[in-house]
*Asks:* 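Sending over a structure as structure tokens; questions will come in a sec.
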Amino acid sequence: MGNWIWLYLAAVNMAGFAVMGADKRRARRGDWRIPERTLFAVALAGGSLGVLLGMRLFRHKTRHWYFVIGVPLILAAQVVLAAVLRRML
């Protein structure tokens, strides 16, 4: 994979981690929250590892089954897709 892919993945995973931390902070304060659709969009855009690490570190969204199951499934699908693409190229 080209360097640009690694840079993109690093950036989107840092964003995923940051967005989980920001939403947890907002939840504690009772402020306006980041929509769950946005959290999933970041994960689907390649930031699933960052979102998952943010879930674990900040203990955020860990009671919602669709996050507990969905985010690891998205990560697994992305890993499989990356492996398939790597073999094809």
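This is a predicted model, so every value here is computed, not measured. What you see below is based on every heavy atom in this structure, not just the backbone, and it leaves out hydrogens, waters and symmetry mates.
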*Asks:* Might you work through the side chain to side chain contact (heavy atoms under 4.5 Å, CB included) test for His60 and Met55, ending with a clear yes or no?
*Replies:* CA-CA 5 Å; His60 189 50; Met55 282 176 60; 5.6 Å; no

*Asks:* For a quick test of reading the model, state the closest non-hydrogen atom pair linking Leu9 to Gly46 and the distance between them.
*Replies:*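 Nearest pair, atom of Leu9 first, then Gly46: CD2-O, 3.9 Å.
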
*Asks:* Please check if the number of heavy atoms outside Trp32 that lie under 6.0 Å from its CH2 is greater than 12.
*Replies:*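 Buried by this count: over 12 neighbours within 6.0 Å.
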
*Asks:* Can you get from Ile69 to Val71 by hopping between Ile, Leu, Val, Met, Phe, Trp and Tyr side chains that sit under 4.5 Å apart?
*Replies:*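 In one cluster: yes.
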
*Asks:* Identify the heavy atoms of Leu52 and Pro72 that sit nearest to each other, and give their distance.
*Replies:*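 Smallest interatomic distance, heavy atoms only, reads CD1-CG, 4.0 Å.
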
*Asks:* Is Leu53 linked to Leu73 within one hydrophobic cluster, defined over Ile, Leu, Val, Met, Phe, Trp and Tyr using a side-chain heavy-atom separation of less than 4.5 Å?
*Replies:*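 Yes.
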
*Asks:* If two hydrophobic side chains count as joined below 4.5 Å and joins carry through other members, does Leu81 share a cluster with Val79?
*Replies:*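 Shared cluster, no.
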
*Asks:* Working note: Phe58 + Asp23, criterion side chain to side chain contact (heavy atoms under 4.5 Å, CB included); need CA distance, chi angles, decisive distance, verdict.
*Replies:* CA-CA 10 Å; Phe58 302 118; Asp23 193 49; over 6 Å; no

*Asks:* Quick one: do Leu57 and Phe17 satisfy side chain to side chain contact (heavy atoms under 4.5 Å, CB included)? Show the steps, please.
*Replies:* CA-CA 9 Å; Leu57 182 70; Phe17 184 80; 3.3 Å; yes

*Asks:* Could you tell me whether Arg26 atom CZ has more than 12 heavy atoms of other residues or ligands within 6.0 Å of it?
*Replies:*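 For Arg26, atom CZ is crowded (more than 12 foreign heavy atoms under 6.0 Å).
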
*Asks:* Should the ring pair Tyr66 and His64 be called parallel, tilted or perpendicular, given that the plane angle runs from 0 to 90° and is split at 30 and 60?
*Replies:*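 Tilted, since the angle between the ring planes falls between 30° and 60°.
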
*Asks:* Mind checking the CZ-NZ spacing from Arg33 to Lys24? Nearest 0.5 Å is all I need.
*Replies:*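 Rounded to the nearest 0.5 Å, the CZ-NZ separation comes to 8.5 Å.
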
*Asks:* One pair to check against side chain to side chain contact (heavy atoms under 4.5 Å, CB included): Val51 and Phe40. What are the steps and the verdict?
*Replies:* CA-CA 9 Å; Val51 170; Phe40 271 113; over 6 Å; no

